[in-house]
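Here is the naming used below: chain letters follow the sequence lines, and residue numbers restart at 1 for every chain. Atom set for the values below is all heavy atoms of this structure, side chains included, hydrogens, waters and symmetry mates excluded.
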Amino acid sequence: MKKQPGGPTSRNYDPAKIEKKWQKKWEADKLYVAKDNSKAKKFYGLIEFPYPSGDGLHVGHIRSNTAMDIIARKRRREGFNVLYPIGWDAFGLPTENYAIKTGIQPAVVTKKNTDTFRRQLKEIGFSFDWSREVNTTDPKYYKWTQWIFLQFLKKGLAYKKSMTINWCPKDLIGLANEEVIDGKCERCGTPVEKKEKEQWMLAITKYADRLLSDLDAIDTSNIPHIIDSKNSPKPGKKTVERRTIQALVRDPKTGKFLGLKWKKFPWTTFVIGGVEDGEDIISAAKREVLEETGYSDIKLTQILGGPVKSEYFAAHKDENRLAITSAVLFELVSDSKREVSADEKAKHEPVWMEMKDMNDKVMTCSELPIWLERMPDSKPDFTGKVPCFTQVWEPGTVKQGQPFVERNAILAIVKHWSEDKFIGLKWKKVDWRTLITGGIEKGQSAEQAAIAEIIEETGYLHPKLKKDLGKLESKFFHVPKNENRYAHFDVLYFELKDSKRNALSEDEYSKHEVVWVDRKEMDSFNTPMAMRYVWKTMFCKKPIDFSSQAAKPLLDWTESIKELQRNWIGKSEGVNLSFKVKDMDLSFEMYDSIPQTFMAQTFTVIAPEHEAVAKLVAGTEFEKPVMEFVQRIKQKKAEKGFDHVRDMEGIFTGRYIDYGPAKRQLPIWVASYVLADYGSGIVNCSYHDERDYAFAKKYNIPLHPVLFPEDPILAEKVRKQEIMYREPDGTLEEPVQFKGRRWDEVRKDIIDYIVENGWGTRTTQYKLRDWIFSRQRYWGEPIPVVHCQNCAIKDPKGQGIVPVPEKDLPVLLPKVKNYKPTENGESPLAAIKKWVNVKCPKCKGPAKRETDTMPNWAGSSWYYLRYADPKNKTKFADLKKLKYWTPVDWYNGGMEHTTLHLLYSRFWHKFLYDLNLVPTIEPYTKRTSHGPILAEDGMRMSKSRGNVINPDTIVKSVGADTLRLYEMFMGPFDQSIAWDMNNIAGVRRFIEKVWKLKEKVDLTNKVIGKTLDSRLRPTSSLADSGLLGACGNDTVIDNVIHKTIKKVSDDIETMRFNTAMSSLMIVVNELEKSERISKDQFEIILQLLAPFAPHVTEELWHAIGNKKSIHISSWPKYDPEMAKDSEVKMMVQVNGKVRGSFMVNVDQSEEEVKQMALGLEETKKWIEGKEVKKVIVVKRKLVSIVI
RNA sequence: GCCGGAGUGGCGGAAUUGGUCUACGCGUACGACUCAAAAUCGUAUGGAGGCAACUCCUUGUGGGUUCGAGUCCCACCUCCGGCACCA
C-alpha cells in the first residue's frame, strides 16, 4: 500500500473510535427503523440483497449500498418515513459446492457467511433497518416462496414438461436459457450439453404482452380525467383502456382541417388511433395519418396537449373507452398521397372541413377545447363544447361506486377593487383551495346566485358582473357533504367596486379562509384540476400545460434499461399461415413476420427436431437418409462450437407444400439452421433472406426474387440471382397489386391482403420462452408437490401431481450427508428415502416428493414485498402494509440483473397483482444501475487473480467514512471504474480538513468571511476592493454555501455523487482560508456531508453543541435569494476567440454592457482600425464581437 | 451483423446543455516547517514558442452548421456493454 495520511498531526481524528461509538448509539436509538403505521409520506429505497459468499463483502456492494444509503438518509431528513431494508439471497451454487467439498451443511455455511456480511455492513454504517432482515433460506421465508409457487400451480401457470435442457456437465445442473452464455455455463464456463428431462416450467410467456406494454405505461393517477359530454360512457358496457393520439392536420392554404367521415356512424373525427408499444406519440400520429388518409407529406407543428384521460362511448366497437390521449398538430406540406388500404377505406373517408363544422360532429369532443386553445394563429370557435372534468386525483377525488348528486351551480372569479388580486378560498378542514362556488336556487339567475354566494362566503358587498365566461362540467367529491357531486357550472367573472365588507357568519368562517391571490400565484392556487382550467383557460385564455403535471411514465427507468427488456421479450407481429402437405393428410402452421416477400417463397424448411419429420418420410425412400441426417444434426448441434452459418446443412424430404398464394409447390427440406422452438419450427423460405439464400445456393434450390433495388445495375444482379437483397427502400414487383410499393411501408397492407384472402391470421410471437423452473440441486427451495401413482390414474393428464397443502408448508429441506447431485441428473434429495416417501395428501396412499428445487431467481423475485411485513406468519405480506410501502420508489442494482431478475420479479408481481395480493401493477417505480468496480489492474476482482480489495483492511486503515467517500468520489456512479489506492488518500485528507475546520468555528455565530477564491467569488470586485472585509458580513460565503446546497441536493437526486463531493471540497477549501467560521455555516456543511460520511459528521455535530443526531436534522434549505449573484463576469470574444473579461452588474442594460465590452483595453487592441460588423450580447455570459 | 453508450491532461474525471475546455482529486516539481524524514501548509502544473509582455495549437479522425462547437449534423476510426440461426 502506498503512503497514507493519518500521521501524528491527525491524531485527534480516530475513525475506529468514533465510528464504533456512533454505530452503537444509532442502533440503540433505533434511528433507522421504518415505522409501519405512519401518516408520513413513505420512501422505499432498495438495493439488490447480496448473495453472502464465503469471500465476504465486495467493495462493489459498498458502492451501490452507499449510494442508496445517501438517498435514504437525505429522504429521512426531508421528512419521509424511509424503508431501507437488507437481507440475504442465500440459496445458490457456491455454498452448495463448498458443502460438497467440505461436507459442512449449507445452512451452517450460510449462517457463518451472513454473520460476516452483517458485521461488515454494520461497520460501514449503512442506515439499514436491521429489524426487517430477511433470508431466502430461512424456512419462515421460503414457506412463502413455496406458497407463491402453489398459486402458480393452481392457476395452471406452473406445469411440467419434458424438454431438452441445457446441461452443465461440471456443475451437474440444468440451466435456464438465460444462464447459457455463448453456449457455456454462466457460472463455470463449461460448454453446455443438451439433455432430455422433465422440467417444471413457469408460463412467463402468458405475461409477455403486459411485461412489454407496461414498460411504456403512463402514470395515470396524476392526469386530468375528462368525460365526453356528447358521447358519455354507457353503463353496463365494458371499458377498454387504450393509449391513443389525435392528429390534427391543417392545410395552411385553406385553413381547413383533415377529418375522417365515418361510414357507419354519424360522426366526423380527427385522425385518431392507438399508440403502439415503444412508439412515441409523434410517430404514432404520423403513422395513423398515413394509414388512415394516405397523406404522407406532413410536418409537425406542435404537440397540442396531453395526455388526458378521456372517457367516451365508442359506438363502432360497442364499448366504453378510457383513452389516455394526446393531440398533435401537423401542417400539410404537399398533397402527395399514398393508397389507403381497403380496410381503412371501408371504415371512413378523409374530408377537409372548417373547424366550426367539426362542432358536435366529433366523437371525442370533450378534449377539444383543451386542444383548440393551444392552436397557434387560429381562433377556433368552441362554443357549445363544454369540457367535463372528473376529479380523479386531487383532494375531493370522486368515490367509486357512489351515485352523483347533480346540481346547477355557479363558479365565480372575483377581482380586488384596486389591485390585480383575486379571491381564493382556503379550506380549513381539508387541503383544498378553490374559487367561489355555490348552488343555483330555483328561479334564480346565475348572476343572482353568484352575488349571493360571494356576499355569503366572503362578506364583500359589491361585486359587479364583468363577464360570463361559459360553462363547465365537473364531477368531484364534496368532502364536507360526503357525497359525489356532478355540477353544471356557470362560470362568471366579477370585480369588486369597493372594499365594503360584512363580518362572516360563524358557519362560513369555520369552513374556509378568504385569501387574496395575485394573478401569477393563481395558476397553481386551486387544487381541483377543473378550477385550474377555469382560471387559466377560460379566464386568462391561456392553455393549461397538462403535460408538465401529468405526462409521467409509470416507470422512471432509463430508456436503455427498458430497451434491454424489450429486446429480451422480443415481440414480433406477423401472420400465421396454414398449408397442406401434398398427397398427405397433414397441414402445418407457420409463422411469418416478414410477409412482404410471400410471393418469393420457393421452398420450405423444417427443424430436425420437429416431430413431423418422421411422419413426412415414413415409408418412403427418403426415410432412411433423412432420419440419419436428423440424428447426425441433433448430435452436431449439441457439440460445442456448432456454427449455424458455416455448418448449414439440409436434406430433401421428398415432400411438397401446396403453396396456394403463388400457386406453386414448395419442396420441404430438413435444415440445420431452423429453430425448433420459435414459431412452429417449420417455415417457408424466399430469396430475400440471407440464410435461405445461402441454403438455396448450396443445394441448388430454385429461387424467385420479387423485391428489387432502385439502382438498375444492382437490380440486374438481383434479377440474375447473384446477390441476396432485402433493403427497406427496395420495391416489390409481386404480387401485382402491390407493384412499386416500398418494402418498409407495404408490410401492413400485405398482412391485410393475406388475411383477406384467408391464407392466414394475424399473430404475435415472442422470443421470450417459458421459464425453466427446476434445478436438480440441494440448496434451493423444495418444490412443494407430491407425485402420487394412485392419483395419476384418475388424473386426465395422467400426471398425479398433488400440491402439498398450504397448511403443511414449508416443505423443509432435510439434512443430507452427501450434497453431490447424482450422475443421472437427480437432486441429492432423491437419495433420502425417508424424506421422499410420503403419504399422498389427497388419497393418503403412498407417494413420492418432488425432488427438484427452485432456481435462485425464485426467492429474489418477491423479497421486496416481504420487507414490508417480514414477520407475518399468515401471509407473505399484509395487503395494507403493502399498500403503504409499495411500490419500491427507487431500486438500484447491477446492470447484469436488468434483464432476468427484473423480468422475473415483474412477472411474479403482476401475477400476485392478478390475485389481488399486491396493490400495484409494477414493483419498481425507479430503477438505476451502478457500474462495477474493477481491480487496480483494470481487471475483474477475483481471488484467483489475487487482486481483491478487502473492505475490512480499508476500514481498519482509513475508516468507513473515507471508504464511503472514496467510492462515491471515484467517478460517475453508473460507469465501471478501477480501484486506486492513491485517490483514497485525497479523500481522507478532505475529511481531516473538515475535522480541523471545527477549531475555527465561532460558537457565538459571529464571523467575518475573509478570503475567497476568485473562481467562486460571485462579487469578486467587491472582495478585491477589500469591501467585503470592511463591511464585515459573510454574505459571500453564504452565497457559496447556498449554491452548494443546491448543487449537492440536485446531484444526489441524479446520482452524481462525484460532483456533489467536489463542490463540498470547494467550500471546505474556502472555509479553510477563513479565520473564523460561523456555527451556522459549519452546520450546513456537516449536514450536507452527513449522508456521505455519517460518523465523522455526527461526531463534529455533537462537538459543536448539538444534542440530537445530525441524521434526524432537517435537510438544509436552499434559498435562491442567497444564491443569487449581484455581479457576473462577462467574457469578451472577438471573432470567436476569448480576448478579455469584465465584471458587470446583473441588471445592467444590454447596451451598457456592449459599450463596456467595446471600450475594454483587451478588446480595443483587436478591433482597432477594423469595422465592427456585429455585436452579440448573451445575458450574464458574454459579448461576442464580429469584425 | 443489429441495438445502446462512450472517446477530454501523466492518471480518475469536471464543464449551468451551444457561451472562459481541463473544476475537484491524484501524481509531479519547487518552497515553508524539521537536525532529518513523514505528515502538514504554500506555489506551479494541457502542449509548443518566447527573457518577458504575449502568441499560436489543443476535447478520437475528417468535413459541415454557427458570431461561437467537447456539446448539434454528416462520414469514418477505436473501445465498452447488450442481443444475435427469431425467417
Problem - Partner nucleotide, any strand, of B/C2 [Watson-Crick/G-U, under 3.5 Å] - result: B/G82

Exercise for the section: Answer with base, sugar-phosphate or nothing: what part of the nucleic acid does A/I1176 contact at a heavy-atom distance below 4.0 Å? Expected result: base

Exercise for the section: Tell me what A/D980 touches on the nucleic acid: a base, only sugar-phosphate, or nothing, going by heavy atoms under 4.0 Å. Expected result: nothing

Exercise for the section: Counting Watson-Crick and G-U wobble pairs only, both distances under 3.5 Å, name the nucleotide matched with B/A87, or none. Expected result: none

Exercise for the section: Look at all strands and tell whether A/D689 reaches a base, only sugar-phosphate, or nothing, counting heavy atoms closer than 4.0 Å. Expected result: sugar-phosphate

Practice task
Could you tell me whether A/R632 and A/E649 have a side-chain N and a carboxylate O separated by less than 4.0 Å?
Solution key: yes

Completion exercise
To the nearest angstrom, the CH2-P distance between A/W568 and B/G82 comes to 10 Å

Problem - Pair assignment for B/U22, Watson-Crick or G-U wobble, requiring both distances under 3.5 Å - result: none

Handout entry: Spacing between A/K562 atom NZ and B/G4 atom C1', to the nearest angstrom
Key = 15 Å

Completion exercise
Note: for A/S976 and A/D692 on RNA chain B, the residue whose nearest nucleotide lies more 5' is A/S976

Exercise for the section: If B/A75 has a Watson-Crick or G-U wobble mate with both distances under 3.5 Å, name it; if not, just say none. Expected result: B/U61

Exercise for the section: Indicate, with a heavy-atom threshold strictly under 4.0 Å, whether A/V683 touches base, sugar-phosphate, or nothing. Expected result: base

Practice task
Mind checking A/V674 for me? I need base, sugar-phosphate or nothing, with any heavy atom below 4.0 Å counting as a touch.
Solution key: base

Fill in the blank from the handout: From CZ of A/F1057 across to C1' of B/A23 the rounded distance in Å is 20 Å

Problem - Spacing between A/M1131 atom CE and B/G68 atom P, to the nearest angstrom - result: 17 Å

Exercise for the section: Please work out if A/I594 contacts a base, only the sugar-phosphate, or nothing of the nucleic acid, heavy-atom cut-off 4.0 Å. Expected result: sugar-phosphate

Exercise for the section: Have a look at A/M1065 and say if it touches a base, only the backbone sugar-phosphate, or nothing, with a 4.0 Å heavy-atom cut-off. Expected result: sugar-phosphate

Handout entry: OP1 or OP2 of B/G25 under 4.0 Å from side-chain N/O of A/N982
Key = no

Fill in the blank from the handout: Exactly one candidate in A/F603, A/Y725, A/Y687, A/Y673 meets ring pair (Phe, Tyr, Trp, His ring centres under 6.0 Å) with A/Y693; the answer is A/Y687

Problem - C1' gap between B/G7 and B/G19, integer Å - result: 23 Å

Exercise for the section: Kindly say if A/R1139 contacts the phosphate of B/C67, meaning a side-chain N or O under 4.0 Å from OP1 or OP2. Expected result: no

Handout entry: Separation between the C1' atoms of B/U22 and B/A37, rounded to whole Å
Key = 34 Å

Exercise for the section: Could you classify B/U17 for me, syn or anti, using a glycosidic angle within 90° of 0 as syn? Expected result: syn

Fill in the blank from the handout: When rounded to whole Å, the CZ to P distance for the pair A/R691 and B/A84 reads 14 Å

Handout entry: Inter-nucleotide P distance (B/G13, B/C2), Å rounded
Key = 29 Å

Handout entry: Among B/C26, B/C56, B/C85, the one nearest A/Y673 by side-chain distance
Key = B/C85

Exercise for the section: Could you classify B/G50 for me, syn or anti, using a glycosidic angle within 90° of 0 as syn? Expected result: anti

Exercise for the section: Mind checking A/I977 for me? I need base, sugar-phosphate or nothing, with any heavy atom below 4.0 Å counting as a touch. Expected result: sugar-phosphate

Completion exercise
Of A/V1178 and A/N1135, the one whose closest nucleotide on RNA chain B sits nearer the 5' end is A/V1178

Practice task
Establish, for the pair A/K993 and A/W995, whether the NZ or CZ atom is under 6.0 angstrom from the six-membered ring centre and no further than 45 degrees off its axis.
Solution key: no

Completion exercise
Out of B/U20, B/C41, B/A23, minimum distance to the side chain of A/I1066 belongs to B/A23

Practice task
Measure across A/V1178 and A/M1130 and return the closest heavy-atom pair with its distance rounded to 0.1 Å.
Solution key: O-CE, 3.7 Å

Practice task
Please say which of A/V613, A/N684, A/I606 ends up in a side-chain contact (heavy atoms from CB on, under 4.5 Å) with A/I668.
Solution key: A/I606

Handout entry: Residues A/Y659, A/W759; criterion ring pair (Phe, Tyr, Trp, His ring centres under 6.0 Å); working and verdict
Key = CA-CA 10 Å; A/Y659 189 56; A/W759 293 322; 8.0 Å; no

Problem - Cation-aromatic face contact A/R1139/A/W1166, 6.0 Å, 45 degrees - result: yes

Practice task
State which of B/U16, B/A15, B/C67 makes the closest approach to the side chain of A/Q1133.
Solution key: B/C67

Exercise for the section: In whole angstrom, give me the gap between the P atoms of B/G25 and B/C80. Expected result: 32 Å

Exercise for the section: Send over the distance from A/L564 CG to B/C2 P, rounded to a whole Å. Expected result: 18 Å

Practice task
For B/G12 and B/C30, measure between their C1' atoms and round to the nearest Å.
Solution key: 25 Å

Handout entry: Side-chain N or O of A/S1062 closer than 4.0 Å to phosphate OP1/OP2 of B/A23
Key = no

Practice task
Using a heavy-atom cut-off of under 4.0 Å over every strand shown, decide if A/R1180 touches base, sugar-phosphate, or nothing.
Solution key: nothing

Practice task
Quote, to the nearest angstrom, the C1' distance that separates B/G82 from B/A75.
Solution key: 26 Å

Practice task
Name the nucleic acid region contacted by A/R726, choosing base, sugar-phosphate or nothing; use a 4.0 angstrom heavy-atom cut-off, strictly under.
Solution key: nothing

Practice task
Determine: side-chain N/O of A/R989 to OP1/OP2 of B/C41, distance under 4.0 Å, yes or no.
Solution key: no

Handout entry: Between B/U78 and B/C72 - C1' atom distance, rounded Å
Key = 22 Å

Exercise for the section: Have a look at A/K1137 and say if it touches a base, only the backbone sugar-phosphate, or nothing, with a 4.0 Å heavy-atom cut-off. Expected result: sugar-phosphate

Problem - Gap between atoms CG and P, on A/L1182 and B/G18 respectively (whole Å) - result: 14 Å

Problem - Under 3.5 Å on both distances, the Watson-Crick or G-U partner of B/C54 - result: B/G49

Practice task
Assign A/K1174 to base, sugar-phosphate, or nothing according to its heavy-atom contacts below 4.0 angstrom with the strands shown.
Solution key: sugar-phosphate

Problem - Phosphate-side-chain proximity, A/Y678 and B/A87, N/O vs OP1/OP2 below 4.0 Å - result: yes

Handout entry: Parallel, tilted or perpendicular, as decided by the 30° and 60° cut-offs, for the rings of A/Y699 and A/W669
Key = tilted

Problem - Below 4.0 Å: OP1/OP2 of B/G25 and any side-chain N or O of A/N1069 - result: yes

Fill in the blank from the handout: Across every strand shown, the nucleotide meeting Watson-Crick or G-U wobble geometry with B/C41 (both distances under 3.5 Å) is B/G31

Practice task
Give a yes or no on this: more than 12 heavy atoms of other residues, nucleotides or ligands lie within 6.0 Å of atom CD of A/E690.
Solution key: no

Practice task
Describe the nucleic acid contact of A/N684 in one word from base, sugar-phosphate, nothing, applying a heavy-atom distance below 4.0 Å.
Solution key: nothing

Handout entry: SB check A/R988 A/E992 (cutoff 4.0 Å)
Key = yes

Handout entry: Sugar-phosphate, base or nothing in reach of A/T1059, heavy atoms under 4.0 Å
Key = sugar-phosphate

Handout entry: Distance, P atom - from B/C67 to B/C86, rounded to whole angstrom
Key = 49 Å

Exercise for the section: Nearest whole angstrom, please: distance from the P of B/C41 to the CD of A/E1072. Expected result: 6 Å

